[in-house]
Amino acid sequence: MNPTPTSNIPVPDEIKGWNWGAFAFSWLWGIANKTYLPLLTLVPIFNIVWIFVVGAKGNEWAWQDGDTKDIATFKAIQDTWNRAGIAKLILVVFGIVVYILFLASFISAITSYYTYGY
């Protein structure tokens, strides 16, 4: 268990890039992939920036700290995380839109009540 990525392990170019699973599930993704820098997303305020770092560097950290040394297997595992991350982000955006619509409806109803009395 390495608390930080092992920099002497080379990272293949094929696995570099954005990881939606690491971005959306940060600390859970980090524990599952045996890389612990994503735990820093549990620090308030700092996490706003750090989730973007985790999304950008997550694949590299997971490659360096994880057990998977086969690129195809690694990519298959991370593709699952990516799909889950994208699904979570879609659900969060949907939830925010529903919340805003509910809030707007509630404000409209309150305004109508005080304006027209019914």
Side-chain angles (χ1 to χ4, degrees):
M1 277 202 248
N2 289 333
T4 58
T6 310
S7 59
N8 60 355
I9 297 175
V11 178
D13 289 335
E14 302 95 273
I15 65 164
K16 290 182 180 179
W18 187 261
N19 188 321
W20 286 106
F23 176 76
F25 294 105
S26 58
W27 66 271
L28 290 172
W29 176 91
I31 291 170
N33 286 281
K34 299 179 181 151
T35 182
Y36 301 103
L37 284 173
L39 290 174
L40 291 173
T41 59
L42 297 173
V43 177
I45 307 298
F46 180 70
N47 61 0
I48 295 168
V49 173
W50 196 248
I51 59 170
F52 291 97
V53 174
V54 172
K57 301 295 282 180
N59 281 343
E60 296 174 38
W61 296 342
W63 178 262
Q64 292 171 337
D65 289 339
D67 298 333
T68 310
K69 298 303 174 199
D70 175 12
I71 294 173
T73 304
F74 180 85
K75 287 179 86 171
I77 292 168
Q78 296 309 317
D79 283 344
T80 303
W81 278 103
N82 278 321
R83 285 191 300 275
I86 290 170
K88 179 183 175 185
L89 290 173
I90 289 170
L91 288 173
V92 166
V93 168
F94 178 75
I96 290 170
V97 168
V98 168
Y99 177 78
I100 290 171
L101 290 174
F102 175 77
L103 189 62
S105 173
F106 182 74
I107 290 171
S108 175
I110 295 295
T111 305
S112 292
Y113 178 77
Y114 284 111
T115 303
Y116 302 112
Y118 47 84

For this session: Just say parallel, tilted or perpendicular for the rings of F52 and F23, cut-offs at 30° and 60°.
Result: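 The rings of F52 and F23 sit tilted, inter-plane angle from 30° to 60°.
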For this session: Determine the interplanar angle of the F102 and F106 rings, folded into 0 to 90°, and report it as parallel if under 30°, tilted if 30 to 60°, perpendicular if over 60°.
Result: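 Rings of F102 and F106: parallel, as their planes differ by under 30°.
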At their closest point, which heavy atom of [X] faces which heavy atom of [Y], and how far apart are they?
| X | Y | answer |
| --- | --- | --- |
| N59 | G17 | ND2-O, 3.5 Å |
| N19 | W81 | OD1-CB, 4.4 Å |
| G30 | P38 | CA-CG, 3.8 Å |
| G55 | A22 | CA-CB, 4.3 Å |

With hydrophobic residues grouped by side-chain heavy-atom distances under 4.5 Å, do [X] and [Y] end up in a single group?
| X | Y | answer |
| --- | --- | --- |
| I51 | L40 | no |
| I31 | L42 | yes |
| I90 | V98 | no |
| V43 | L37 | yes |
| F25 | I77 | yes |

Just verifying a value: how many Å separate [X] [atom1] and [Y] [atom2], rounded to the nearest 0.5 Å?
| X | Y | atom1 | atom2 | value |
| --- | --- | --- | --- | --- |
| W63 | T68 | CH2 | OG1 | 7.5 Å |
| W29 | N82 | CH2 | CG | 9.5 Å |
| L28 | L39 | CG | CG | 9.5 Å |
| T35 | E60 | OG1 | CD | 11.0 Å |

Exercise. Is the side chain of S108 donor-acceptor paired with the backbone N or O of A104 at a distance under 3.5 Å, no angle test?
Worked result: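 No; zero donor-acceptor contacts below 3.5 Å.
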Problem set entry | T111 side chain vs I107 backbone, donor-acceptor pair below 3.5 Å |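 Confirmed, T111 side chain pairs with I107 backbone.
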With the side chain counted from C-beta on, respond yes when [X] and [Y] share a heavy-atom pair under 4.5 Å apart, and no when they do not.
| X | Y | value |
| --- | --- | --- |
| W61 | V53 | yes |
| F74 | I15 | yes |
| I110 | Y114 | yes |
| N33 | Q78 | yes |
| D65 | I9 | no |

For this session: Start with the C-alpha gap between W27 and V54, add the side-chain angles, then the distance that decides, and say whether side chain to side chain contact (heavy atoms under 4.5 Å, CB included) holds.
Result: CA-CA 9 Å; W27 66 271; V54 172; over 6 Å; no
Exercise. Does atom CD1 of I45 have more than 12 heavy-atom neighbours from other groups under 6.0 Å away?
Worked result: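 No - once you tally the heavy atoms of other residues, nucleotides and ligands closer than 6.0 Å, there are 12 at most.
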Exercise. If you count the non-hydrogen atoms of other residues, nucleotides and ligands that lie under 6.0 Å from CH2 in W50, is the total more than 12?
Worked result: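 Yes, because the 6.0 Å sphere around CH2 of W50 holds more than 12 heavy atoms from other groups.
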